[in-house]
Amino acid sequence: LFDAVNCLAKENARLLVLGRKHMLMNSSNWKREIMKEMQNKADFFFAENISEDDAFLLYATLRSGKHCKFVTRDFLRDHKACLSDSLTRHLFRKWQRGHQIVFFPSAEGRSIKFLPALRYDCVVQTTGDTWHIPYKNVFEEKYSYQVPRKWLCIQQK
């Protein structure tokens with residue numbers, strides 16, 4: 001969390017960290033001085049320790065406007081499963097791909113890297129006689145935020 005906050009704070013992003021109240025207790029996992037340093041770089045909201053914090057995350061992201069992004073390791077599958085129909089689930093996945101920033105540790109383990117949210121919809125797109133088709137070289141199981149980053153451009157002659 002400390003590395004993520006520091007990395008995003010360098011970009012002058014306005015940050016809201018959603019956590020649980022146990023993070024305020026000085027412990028081996030949550031050092032008081034590190035928490036204070038993070039609180040100087042970001043706003044914090046601490047939910048009850050037994051809370052379902054995903055609802056806070058979704059509400060805060062939606063309430064903050066269409067350009068707001070969120071970072072979580074959660075794939076939000078439970079929330080998608082609760083949606084009543086396939087169209088709503090599709091819209092949620094599309095919204096998620098456009099707003100969820102995915103982070104992963106670098107190979108050396110010293111820093112973290114972020115995979116930005118997509119600014120485009122990853123579906124076949126056409127303009128006139130040109131088709132743009134997203135693809136992957138290898139078939140592999142993927143999460144909803146993992147979409148092809150390569151595009152095949154086909155033009156009818």
Side-chain angles (χ1 to χ4, degrees), residues 1-123 134 136-151:
L1 180 61
F2 181 74
D3 291 339
V5 168
N6 283 333
C7 184
L8 292 170
K10 287 178 187 171
E11 298 175 13
N12 292 323
R14 183 164 182 219
L15 304 175
L16 171 64
V17 177
L18 299 174
R20 294 200 173 116
K21 289 184 178 178
H22 69 86
M23 295 167 66
L24 294 170
M25 307 300 282
N26 197 28
S27 68
S28 59
N29 290 334
W30 306 105
K31 300 280 187 214
R32 184 166 282 129
E33 57 276 359
I34 292 174
M35 288 300 294
K36 287 205 180 296
E37 187 177 336
M38 286 191 297
Q39 287 174 308
N40 289 331
K41 297 175 182 180
D43 294 313
F44 275 71
F45 176 80
F46 296 101
E48 294 298 326
N49 291 329
I50 59 169
S51 72
E52 295 287 335
D53 54 354
D54 292 349
F56 291 103
L57 170 85
L58 292 171
Y59 176 76
T61 304
L62 289 166
R63 183 71 174 99
S64 295
K66 64 182 178 180
H67 299 294
C68 182
K69 306 293 187 241
F70 67 93
V71 179
T72 180
R73 288 184 287 194
D74 194 317
F75 303 123
L76 305 174
R77 289 186 205 106
D78 293 345
H79 301 284
K80 284 182 272 220
C82 291
L83 298 173
S84 59
D85 59 88
S86 61
L87 176 60
T88 308
R89 285 187 295 276
H90 171 75
L91 290 173
F92 182 85
R93 279 191 301 273
K94 183 177 175 179
W95 175 85
Q96 182 182 6
R97 284 192 303 265
H99 291 84
Q100 185 171 6
I101 298 171
V102 179
F103 74 96
F104 50 94
S106 66
E108 336 48 87
R110 292 188 147 156
S111 63
I112 56 175
K113 297 188 184 285
F114 290 95
L115 186 62
L118 295 176
R119 289 181 287 195
Y120 52 84
D121 196 7
C122 194
V123 295
K136 284 186 164 187
N137 292 339
V138 180
F139 176 78
E140 58 192 357
E141 194 69 30
K142 66 180 181 70
Y143 298 110
S144 60
Y145 64 82
Q146 294 174 311
V147 295
R149 299 277 173 168
K150 295 179 181 178
W151 291 77

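Note that the numbering runs from 1 along the sequence shown for the chain. Basis for what follows: all heavy atoms, side chains included, without hydrogens, waters or symmetry-related copies.
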Roughly how far, to the nearest 0.5 Å, is the [atom2] atom of [Y] from the [atom1] atom of [X]?
X: F70; Y: Q96; atom1: CZ; atom2: CD; answer: 5.0 Å
X: L18; Y: T72; atom1: CG; atom2: OG1; answer: 9.5 Å
X: H99; Y: L62; atom1: NE2; atom2: CG; answer: 8.0 Å
X: L57; Y: D74; atom1: CG; atom2: CG; answer: 8.0 Å
X: K21; Y: I50; atom1: NZ; atom2: CD1; answer: 10.5 Å

_Under the rule for side chain to side chain donor-acceptor pair (under 3.5 Å), what residues qualify as partners of R20, not counting sequence neighbours?_
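Once residues adjacent in sequence are excluded, the partners of R20 under the side chain to side chain donor-acceptor pair (under 3.5 Å) criterion are D53.
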Might you point out which heavy atoms bring [X] and [Y] nearest each other, and give the distance in Å?
X: W95; Y: T61; result: CZ2-CG2, 3.6 Å
X: A9; Y: K41; result: CB-CB, 4.1 Å
X: M23; Y: F46; result: CB-CE2, 4.0 Å
X: I112; Y: D3; result: CD1-C, 3.7 Å

Contact check, side chains of [X] and [Y], non-hydrogen atoms, under 4.5 Å:
X: Q39; Y: L24; answer: yes
X: V71; Y: L8; answer: yes
X: M38; Y: F2; answer: yes
X: E33; Y: K36; answer: no
X: F92; Y: L58; answer: yes

_Whether the side chain of Q100 engages the backbone of F75 through a donor-acceptor N/O pair (distance < 3.5 Å, no angle test) should be reported._
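No: the side chain of Q100 does not pair with the backbone of F75.
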_Please check: side-chain N/O of H90 versus main-chain N/O of D85, any donor-acceptor pairing under 3.5 Å?_
no
*Are there more than 12 heavy atoms of other residues, nucleotides or ligands under 6.0 Å from atom OH of Y59?*
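It does not: Y59 OH has 12 such atoms or fewer within range.
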*Can you list every pair that meets salt bridge (Lys or Arg N to Asp or Glu O under 4.0 Å) and has a residue in residues 4-19, with sequence neighbours left out?*
R14-D43
*Check the pair F56, L16 against side chain to side chain contact (heavy atoms under 4.5 Å, CB included), reporting the backbone distance first and the verdict last.*
CA-CA 11 Å; F56 291 103; L16 171 64; over 6 Å; no
